[in-house]
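Worth saying up front: this structure is predicted, and the values here are computed from it rather than measured.
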Amino acid sequence: MSEELQNELPAPAVESAQTPPETEKPTKKKKWQKPTGKQVVHEIVSYLIMTVGTILVAAGVYFFKAPNHFATGGVSGISIIIAKFVPLNQSTLVMIINAALIIIGFIFLGRGCTVRTIFCSLMYSLENFLLEEFLPLDIIPGTVQVFDEAGTLISCTLTNQPVIELVFAMLLTGIGSAIMFNCKASSGGTDIVALILKKYTKINTGKALLITDAAIAFSTFFIFGVQAGLFSILGLFSKAFIVDGVIENIGKSKYITIITTMPDEIGKYITTVMKRDYTSYKATGGYTGAEKTVLITVCKRSEALKLKAKVKLIDSTSFVIITDANEILGKGFRETI
């Protein structure tokens, strides 16, 4: 074929250098697996612990916060304020507000409104209702009751010492909230509002929660007076420290470093008696130049005391360092997030 004719023929089609994108394989849904007996027991214990937390919060609100108008934030604070203007008791308002916020949470957050939070929210509302129905404050001997000129009961508190009542209010609600937070739950309420603010603004959860609770606490100045307002602000900040302190102590374990020449015996005790694991590596003493083994493990505080005594019994020349570990995530401790 001549060169002229070859040039006149159309050029063969050239395949595109870009290959078509591969179709994404649909992700397989994880098959449901029947929980083990250990998992079922763990879940039951978790819900029992959460119930204890809600009982403490409900007791703190019912016996101390509500009678003294300590509106330190949350649904309890909102209900204390609204009860001033509507003919509904505090437990009914708590139930209505929690239900409304849960619905709003599902609309705006979806899975952000967890089953555990719903459980704690409903339990807290139910416990408030039961306390009002079966244990009215005015039937408790020794309560301080104030009546108006017409003989109508205006207020009823356990004591005439608001400082003491604020302390107990913050201790009970703070410890109860910390227990629920440690179980990855909360009593709902303004936590849901904070999560919504976080989703649609640049404010993080902590600041959003502080803003909502502070707004509730500051409103008591105009509704219940300066004294109730000051106590509410004091309670708002003190509760934050209590919750943080309790959560830190609940999750606190011991981080132990052992420098020894007898690692096999100590390691056997850790794995067989304590049922824990450890990490080891070789090290050289800076002063003596002797080769030793360093063992690292973490355990509960009660186990740390036994391990310390056993290490000294096995190797009296060993060097043991024990420090606090505020949070341990992994097998044998809390689940990894």
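Within 6.0 Å of NZ in Lys84 there are 12 or fewer heavy atoms belonging to other residues, nucleotides or ligands. Other residues, nucleotides and ligands contribute over 12 non-hydrogen atoms within 6.0 Å of the CZ atom of Phe147. Residue-environment remark: CZ (Phe221) exceeds the threshold of 12 foreign heavy atoms within 6.0 Å. In Tyr269, the OH atom is crowded: over 12 heavy atoms of neighbouring residues, nucleotides or ligands sit closer than 6.0 Å. Counting non-hydrogen atoms of neighbouring residues, nucleotides and ligands closer than 6.0 angstrom, the CD atom of Gln227 reaches no more than 12 such neighbours.
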Leu234 and Leu230: CA distance, side-chain angles, deciding distance, side-chain contact (heavy atoms from CB on, under 4.5 Å) verdict: CA-CA 6 Å; Leu234 179 61; Leu230 290 173; over 6 Å; no
side-chain contact (heavy atoms from CB on, under 4.5 Å) evaluation trace for Leu48 with Val52: CA-CA 6 Å; Leu48 290 174; Val52 172; 5.9 Å; no
Working for side-chain contact (heavy atoms from CB on, under 4.5 Å), residues Arg116 and Met50: CA-CA 8 Å; Arg116 291 190 173 201; Met50 286 188 288; 4.0 Å; yes
CA sep, side-chain torsions, deciding dist, call: Lys306, Val273, side-chain contact (heavy atoms from CB on, under 4.5 Å): CA-CA 10 Å; Lys306 295 177 183 179; Val273 179; over 6 Å; no
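At a threshold of 4.5 Å between non-hydrogen side-chain atoms, the residues Asn98 and Leu122 do not count as touching. In this structure the side chain of Thr323 never reaches within 4.5 angstrom of the side chain of Lys254, judged on heavy atoms. Side-chain contact between Leu137 and Leu158 is present, with at least one heavy-atom pair separated by less than 4.5 Å.
Taking every heavy atom of both residues into account, Thr261 and Asp315 meet most closely at N-OD2, 3.3 Å. The shortest heavy-atom contact between Leu172 and Phe64 is CD1-CE1, 3.7 Å. The heavy-atom pair separating Val311 from Ile258 by the smallest distance is CG2-CD1, 3.7 Å. Between Cys299 and Ile256, the shortest heavy-atom contact is SG-CD1, 3.6 Å. When all heavy atoms of Leu88 and Ala83 are compared, the pair lying nearest together is O-CB, 4.0 Å. The shortest heavy-atom contact between Leu93 and Ser79 is CD1-O, 3.5 Å.
Under a hydrophobic-cluster definition in which Ile, Leu, Val, Met, Phe, Trp and Tyr are linked whenever side-chain heavy atoms come within less than 4.5 Å, directly or via other members, Phe70 and Val163 are assigned to the same cluster. By the criterion of side-chain heavy atoms lying less than 4.5 angstrom apart, applied directly or through intervening Ile, Leu, Val, Met, Phe, Trp or Tyr residues, Val298 is not grouped with Val320; the two fall into different hydrophobic clusters. Cluster membership check: Ile96 shares its hydrophobic cluster with Phe85, using side-chain heavy-atom separations under 4.5 Å among Ile, Leu, Val, Met, Phe, Trp and Tyr. Linking Ile, Leu, Val, Met, Phe, Trp and Tyr residues whenever their side-chain heavy atoms come within less than 4.5 Å places Ile164 and Ile140 in a single cluster. Cluster membership for Phe319 and Ile322, using ILVMFWY side-chain heavy atoms within less than 4.5 angstrom, is not shared.
Taken from OG in Ser177 to CE in Met170, the straight-line distance is 9.5 Å, to the nearest 0.5 Å. Atoms CD1 and OG, on Ile270 and Ser280 in that order, are 9.5 Å from each other to the nearest 0.5 Å. Rounding to the nearest 0.5 Å gives a distance of 8.0 Å between CD1 of Ile49 and CD1 of Ile179. Here the CG atom belonging to Leu131 is positioned 9.0 Å from the OG atom belonging to Ser91, to the nearest 0.5 angstrom. Between atom CD1 of residue Ile266 and atom OG1 of residue Thr260 there is a gap of 3.5 Å, rounded to the nearest 0.5 Å. Atom CD1 of Ile175 and atom CG of Leu56 lie 7.0 Å apart (nearest 0.5 Å).
Summarising the hydrophobic clusters (Ile, Leu, Val, Met, Phe, Trp, Tyr; side-chain heavy atoms under 4.5 Å, direct or chained), the residues clustered with Phe134 are Met95, Leu126, Phe129, Leu130.
If you run side chain to side chain contact (heavy atoms under 4.5 Å, CB included) between Ser232 and each of Ile80, Ile216, Leu166, Thr220, only Thr220 comes through.
Evaluation of the side-chain hydrogen bond (donor to acceptor under 3.5 Å, both in side chains) test over residues 46-70, restricted to residues two or more places apart or in two chains, returns Thr54-Glu127, Lys65-Thr72, Lys65-Ser76, Asn68-Glu165.
Checking side-chain atoms of Thr297 against main-chain N and O of Asp277 turns up a donor-acceptor pair under 3.5 Å.
Between the side chains of Thr293 and Lys282, at least one donor N or O sits under 3.5 Å from an acceptor N or O.
A salt bridge does not link Glu303 with Lys310: every distance from a Lys NZ or Arg NE/NH1/NH2 to an Asp or Glu carboxylate oxygen is 4.0 Å or more.
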